[in-house]
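Some notes on the structure that comes next.
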Amino acid sequence: MSAIIVDKAEPAEALKANIVWSYGLDNVTHLLSSFQLANFKKNIPLQQEEDVKGEKGAYFISTKIVLQENSFKSWFFVANVNQSQSNIIALAEQIKADATLAHKISENIEAGTQHLQQLTAAADSLQYTADGLKDSRHYSNVLFNIMRGGIFDNNYQIEKWDFKLYLKKANNKVFESAENIIQTITSRVFIITIKIYCCRK
């Protein structure tokens, strides 16, 4: 439970939770804080943590794995935000009973990756050159930019009324000087690129 930020002096609880869980490992010790990390580094046995109050939360798991030659072990850490009580209960039951959960998580990761690539591609993030490091750097720059400012919908197509309203609020003088030009645009949706230079006295 958390509190919604409001101006009025009244309670406004938000009955939603952010949760973290893991899947794919057996016989794990769960830590809900970072208090025992020093013990872990010294190979001192860890004590299971069921509840932590008044401290910064964390989520760690510990277990022992023995891998044979040419074998592997995989597991998942999953974070879900804005979960209701019923969501959490249903998820807890699914973790215990759904034998195909690992496959569903992998499908969800793939779908999320594809959607992220579509979003970043809309801002021209995808490039392939002889310098892979620069390509990765360009992709990360675009990703951070759209995380701050979003992307244009419909491939940079802007509705006429929306553009007029924005321009009028952003710079009324420019709007007045360009109003006749804007009126000549008859289509409901149009693509426009504008460069505005202004100087302050």
Side-chain angles (χ1 to χ4, degrees), residues 18-25 28 30-31 33-34 37-38 40-43 56-83 91 95 100-167 169-171 174-175 178 181-182 185 187-200:
N18 300 334
I19 63 174
V20 182
W21 52 282
S22 59
Y23 185 83
L25 292 178
V28 299
H30 293 87
L31 302 181
S33 72
S34 57
L37 291 186
F40 174 79
K41 295 175 183 178
K42 297 175 182 177
N43 203 27
K56 290 183 178 180
Y59 183 81
F60 301 99
I61 60 174
S62 173
T63 190
K64 292 183 178 180
I65 302 173
V66 178
L67 292 178
Q68 303 299 325
E69 185 178 359
N70 297 321
S71 65
F72 69 93
K73 179 69 175 177
S74 61
W75 60 93
F76 298 96
F77 275 77
V78 185
N80 298 88
V81 299
N82 202 30
Q83 298 294 297
L91 179 57
I95 293 171
T100 65
L101 186 56
H103 178 67
K104 292 178 179 177
I105 295 173
S106 297
E107 285 187 334
N108 187 272
I109 292 172
E110 179 62 26
T113 300
Q114 293 293 330
H115 183 57
L116 180 61
Q117 288 180 346
Q118 291 174 1
L119 289 173
T120 56
D124 299 324
S125 69
L126 303 180
Q127 66 180 26
Y128 183 76
T129 69
D131 192 332
L133 290 177
K134 287 184 179 178
D135 295 343
S136 298
R137 176 66 174 171
H138 174 71
Y139 184 89
S140 64
N141 280 339
V142 173
L143 174 61
F144 298 147
N145 285 338
I146 69 170
M147 288 173 66
R148 289 190 296 265
I151 62 172
F152 284 104
D153 292 332
N154 302 320
N155 196 27
Y156 293 90
Q157 298 183 37
I158 305 170
E159 295 186 13
K160 179 178 177 179
W161 67 267
D162 194 11
F163 173 70
K164 287 179 62 177
L165 183 62
Y166 166 78
L167 187 58
K169 288 184 177 180
N171 193 318
V174 173
F175 172 77
I181 299 174
I182 296 173
I185 301 172
S187 59
R188 178 177 176 270
V189 178
F190 63 96
I191 301 174
I192 186 167
T193 302
I194 295 179
K195 291 184 179 179
I196 299 176
Y197 299 93
C198 89
C199 300
R200 293 186 177 179

For K73 and G24, indicate whether the former's side chain and the latter's backbone hold a donor-acceptor pair under 3.5 Å.
yes
The reported gap from OG1 in T63 to CD1 in I61 (rounded to nearest 0.5 angstrom) is 8.0 Å
Are N80 and N18 side-chain neighbours, meaning at least one heavy-atom pair lies under 4.5 Å?
no
Supply the atom-to-atom distance Y23 OH to I95 CD1, rounded to the nearest 0.5 angstrom.
9.0 Å
Could you label the plane-to-plane angle of the Y59 and F77 rings as parallel, tilted or perpendicular, counting under 30° as parallel and over 60° as perpendicular?
perpendicular
Please check this pair: side chain of N145 against backbone of N141, looking for a donor-acceptor N/O pair closer than 3.5 Å.
yes
S71 side chain to L67 main-chain N or O, any donor-acceptor pair under 3.5 Å?
no
For T129, does its backbone N or O pair with a side-chain atom of D135 as donor and acceptor, under 3.5 Å?
yes
For Q114 and Q118, test the side chains for any donor-to-acceptor distance below 3.5 angstrom and give the result as yes or no.
no
Please identify each residue that fulfils side chain to side chain donor-acceptor pair (under 3.5 Å) with Q117, with sequence neighbours left out.
none
Do any N or O atoms from the side chain of H138 and from the backbone of D124 form a donor-acceptor pair under 3.5 angstrom?
yes
Can you tell me if L133 has over 12 outside heavy atoms packed within less than 6.0 Å of its CG?
no
For the CG atom of L143 and the OG1 atom of T120, what is their distance to the nearest 0.5 Å?
7.0 Å
Quick one, Q83 and V81 - any side-chain contact, counting heavy atoms below 4.5 Å?
no
